[in-house]
Amino acid sequence: MPKLKVLPHEVICPDGSIFEADTGETILNAALANGISIEHACEKSCACTTCHVVVREGFNSLEDAEENEEDYLDKAWGLEPESRLSCQAKVADSDLVIEIPKYTINMVSEEH
């Protein structure tokens, strides 16, 4: 099973986290199942950018983003070449290192 390492985020995951994920599971679902509350305002339907993450290691193991995801990523705060929407990026067979950006374009969050 691939391991996901989430780098520390001062609000969502202050100490960081490491956990296993099933191949084919989205990064978002794996994170949520392990207590990492990544925002997902559109309920995982690829209709916003609140679940934007940066894949610091293992990016090339992921399938390419589809056009709809790329269109939304263009609107994400802090976009980088290794950015993905965690609701769309599925874990392959490689370990991943994930960074949750400090901000989202979501003006209001119910959890923070």
Following the transitive rule for hydrophobic clusters with a side-chain heavy-atom cut-off under 4.5 Å over Ile, Leu, Val, Met, Phe, Trp and Tyr, establish whether [X] and [Y] coincide in one cluster.
{"X": "V55", "Y": "L28", "result": "yes"}
{"X": "L4", "Y": "L62", "result": "yes"}
{"X": "L32", "Y": "I100", "result": "yes"}
{"X": "V91", "Y": "I36", "result": "yes"}

Residue pair [X] / [Y], side-chain heavy-atom distance below 4.5 Å:
{"X": "I98", "Y": "I27", "result": "yes"}
{"X": "M1", "Y": "D22", "result": "yes"}
{"X": "E67", "Y": "D71", "result": "yes"}
{"X": "F59", "Y": "L96", "result": "no"}

Is a side-chain N or O of [X] found less than 3.5 angstrom from the main chain of [Y], in a donor-acceptor match?
{"X": "D95", "Y": "K3", "value": "yes"}
{"X": "H52", "Y": "L79", "value": "no"}
{"X": "S61", "Y": "A92", "value": "no"}
{"X": "H40", "Y": "I38", "value": "yes"}
{"X": "T50", "Y": "A41", "value": "yes"}
{"X": "D93", "Y": "P2", "value": "no"}
{"X": "E69", "Y": "R84", "value": "no"}
{"X": "Q88", "Y": "L85", "value": "no"}

More than 12 heavy atoms of other groups within 6.0 Å of D64 CG
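For D64, atom CG is not crowded (no more than 12 foreign heavy atoms under 6.0 Å).
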E66 atom CD, over 12 foreign heavy atoms within 6.0 Å
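Atom CD in E66 is not packed in, count stays at 12 or less.
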[atom1] of [X] to [atom2] of [Y]: how many Å apart, nearest 0.5 Å?
{"X": "Y72", "Y": "C51", "atom1": "OH", "atom2": "SG", "value": "11.5 Å"}
{"X": "L7", "Y": "I18", "atom1": "CG", "atom2": "CD1", "value": "9.5 Å"}
{"X": "E39", "Y": "S86", "atom1": "CD", "atom2": "OG", "value": "10.5 Å"}
{"X": "E99", "Y": "S83", "atom1": "CD", "atom2": "OG", "value": "9.5 Å"}
{"X": "N60", "Y": "E82", "atom1": "CG", "atom2": "CD", "value": "8.0 Å"}

Test log, rule side-chain contact (heavy atoms from CB on, under 4.5 Å), inputs R56 and E80
CA-CA 10 Å; R56 294 289 179 207; E80 295 190 24; 2.7 Å; yes
Side chain to side chain donor-acceptor pair (under 3.5 Å) partners for T26, two or more places apart
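N29.
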Looking only at heavy atoms, what is the nearest atom pair of A30 and N34, with distance?
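Looking at all heavy atoms of both residues, the closest pair is O-ND2, 2.8 Å.
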